[in-house]
Amino acid sequence: MDTTIYDGCIPALMTPCDVSGTPDFDALVRVGQELISAGMSGVVYCGSMGDWPLLTDAQRQEGVARLVEGGVPVIVGTGAINTQSAVSHAAHAAKVGAQGLMVIPRVLSRGTSIAAQKAHFKAILKAAPLTPSVIYNSPYYGFATRAELFFELREQHSNLIGFKEFGGAKDLTYAAENITNQDDQVSLMVGVDTTVYHGFVNCGARGAITGIGNALPKEVLHLIDLCKKAAVGDATARRLAKELDSALQVLSSFDEGTDLVLFYKRLMVLQGYSEFEHHFIASDKLSASQNKHLEKQLTLFQNWYADWVKQI
């Protein structure tokens, strides 16, 4: 089973749409292709960045199929309000040739039940038995997958090959101590932009799923390259990785909040991608103050980065 897609940097794609809220799949594929050309190992679609709760199942699956047809290696998010829908997304991903699954816990009903979550995970993994999959762990889903459940699932489903952690530094440390270092074949994925350095250097992460990497792919790939070098003892890379990680912190912190899609769509517009101007719900927009803050932080980072690369 080829799991190399999980060993790199993977932007979680946002779904562009027109003013009426109709998805623009041509733009989705074009952006995905550009990110792969920039050096990304693949993309995720549809996680929270893709606004999956605001799309129909048919729209989500059309986006996946179009990305695959466009030659974009894609990991498919299985977020859904019921298991049947999640299974449908997993089976469709396998049918069209997606390269991975991001297995998201059951939400809204019996979300804190270990038994219910176990059955939910098993149904998804069973629906795509040859597709390498990672559990998506996030405090926002109200359920924490612990080592016991992870390895019980992995014993029965060999396609479960990794663990994506969206929590903070403590959560990544738990995953490293109790899950990914039990089995060298299990990959740890950093799931939030503010913990890239900690995840790679201190926890042995092999890959990262990024939000800010959509708009700043060169800079995020640079950070991950430095972190990988630092993780094997390169002292200069360790210092430089800390500097770059620190400079990105404000822009990266938008990945932690509920307005992440609003911030990163606006960041894409500022980077020249007008197709991200609109949202599925027209009233979902940043305030004038938030926009100004974002613009100032982007300018500050870009000026700093241009000066910094001259010095290193």
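By convention here, the first residue in the shown sequence is residue 1.
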- Task: Check I212, I224, V220, L248 against V196 for a side-chain contact (heavy atoms from CB on, under 4.5 Å) and give me the one that passes.
- Result: I224
- Task: Under the side chain to side chain contact (heavy atoms under 4.5 Å, CB included) rule, what do Y264 and N214 come out as? Steps first, then yes or no, please.
- Result: CA-CA 8 Å; Y264 288 142; N214 284 279; 5.9 Å; no
- Task: Return yes if some donor-acceptor pair links the side-chain N/O of Q33 with the main-chain N/O of V72 below 3.5 Å, else return no.
- Result: no
- Does V186 offer a backbone N or O that forms a donor-acceptor pair with the side chain of T180 under 3.5 Å? no
- Message: As an exercise, state the distance from OG1 of T15 to CD of Q59, rounded to the nearest 0.5 Å.
- Response: 9.0 Å
- For residues L226 and D245, determine if any side-chain heavy atom of one lies less than 4.5 Å from a side-chain heavy atom of the other. no
- For the pair K228 and D234, find out whether any cationic side-chain nitrogen is under 4.0 Å from an anionic carboxylate oxygen. no
- Query: Would you call the rings of Y305 and W308 parallel, tilted or perpendicular, where under 30° means parallel and over 60° means perpendicular?
  - Reply: tilted
- Run through the side-chain heavy atoms of Ile, Leu, Val, Met, Phe, Trp and Tyr, join any pair under 4.5 Å, and report what else lands in I75's cluster. M1, I5, Y6, I10, V44, W52, I81, M102, I104, V107, L108, V134, Y136, Y140, Y141, I161, F166, M189, V192, I209
- Is the closest basic N to carboxylate O distance between D26 and R30 below 4.0 Å? no
- Will you find, in the side chains of T78 and H89, an N or O donor that is under 3.5 Å from an N or O acceptor? no
- Task: Give a yes or no on whether the backbone of H198 and the side-chain of T195 come within a donor-acceptor separation of less than 3.5 Å.
- Result: no
- Taking atom types as modelled, is there a side-chain donor on H157 or K126 under 3.5 Å from an acceptor on the other? no
- Please say whether more than 12 non-hydrogen atoms of neighbouring residues, nucleotides or ligands are located less than 6.0 Å from CD1 in I114. no
- Message: Checking V87 against Q84 for the side chain to side chain contact (heavy atoms under 4.5 Å, CB included) test, could you report, in this order, the C-alpha distance in whole Å, the side-chain angles of both residues, the deciding distance, and whether it holds?
- Response: CA-CA 5 Å; V87 165; Q84 292 87 346; 5.8 Å; no
- Query: Would you find a donor on one side and an acceptor on the other, under 3.5 Å apart, between the side chain of D18 and the backbone of D24?
  - Reply: no
- Query: Would you say the side chains of D307 and Q311 form a donor-acceptor pair under 3.5 Å?
  - Reply: yes
- Item | Spatial distance of atom CD (Q99) from atom OG1 (T4) [nearest 0.5 Å] | 7.0 Å
- Task: Ignoring hydrogens and angles, tell me if any N or O in the side chain of N303 forms a donor-acceptor pair with the backbone of L300 under 3.5 Å.
- Result: no
- Query: Is a side-chain N or O of D51 found less than 3.5 angstrom from the main chain of L54, in a donor-acceptor match?
  - Reply: no
- Item | Residue pair N178, F150: steps toward the side chain to side chain contact (heavy atoms under 4.5 Å, CB included) verdict | CA-CA 10 Å; N178 299 284; F150 180 88; over 6 Å; no
- L223 side, atom CG; S246 side, atom OG - distance, nearest 0.5 Å: 11.0 Å
- Note, S88 side chain near Q61 side chain (heavy atom, < 4.5 Å): yes
- Do E295 and R266 touch side chain to side chain, with heavy atoms closer than 4.5 Å? yes
- Any chance you could pull the hydrophobic cluster mates of Y197, using side-chain heavy atoms under 4.5 angstrom and chaining through other members? V201
- How about D7 and S41: do any of their side-chain heavy atoms sit closer than 4.5 Å? no
- Message: If hydrophobic clusters are built by linking Ile, Leu, Val, Met, Phe, Trp and Tyr wherever their side-chain heavy atoms come under 4.5 Å apart, do I281 and V269 end up in the same one?
- Response: yes
- Candidate pair K170 and T173, rule side chain to side chain contact (heavy atoms under 4.5 Å, CB included), full reasoning: CA-CA 5 Å; K170 288 184 179 179; T173 299; 5.6 Å; no
- Going by atom types alone, do Q185 and T3 pair a side-chain donor with an acceptor below 3.5 Å? no
- Message: I'd like to know if the side chain of S287 pairs up with that of S289 as donor and acceptor (distance under 3.5 Å, no hydrogens or angles considered).
- Response: no
- Item | Side-chain heavy atoms of H92 within contact of V76, under 4.5 Å | no
- State which residues pass side-chain contact (heavy atoms from CB on, under 4.5 Å) with A144; sequence neighbours excluded, sorted by chain then number. N137, R146
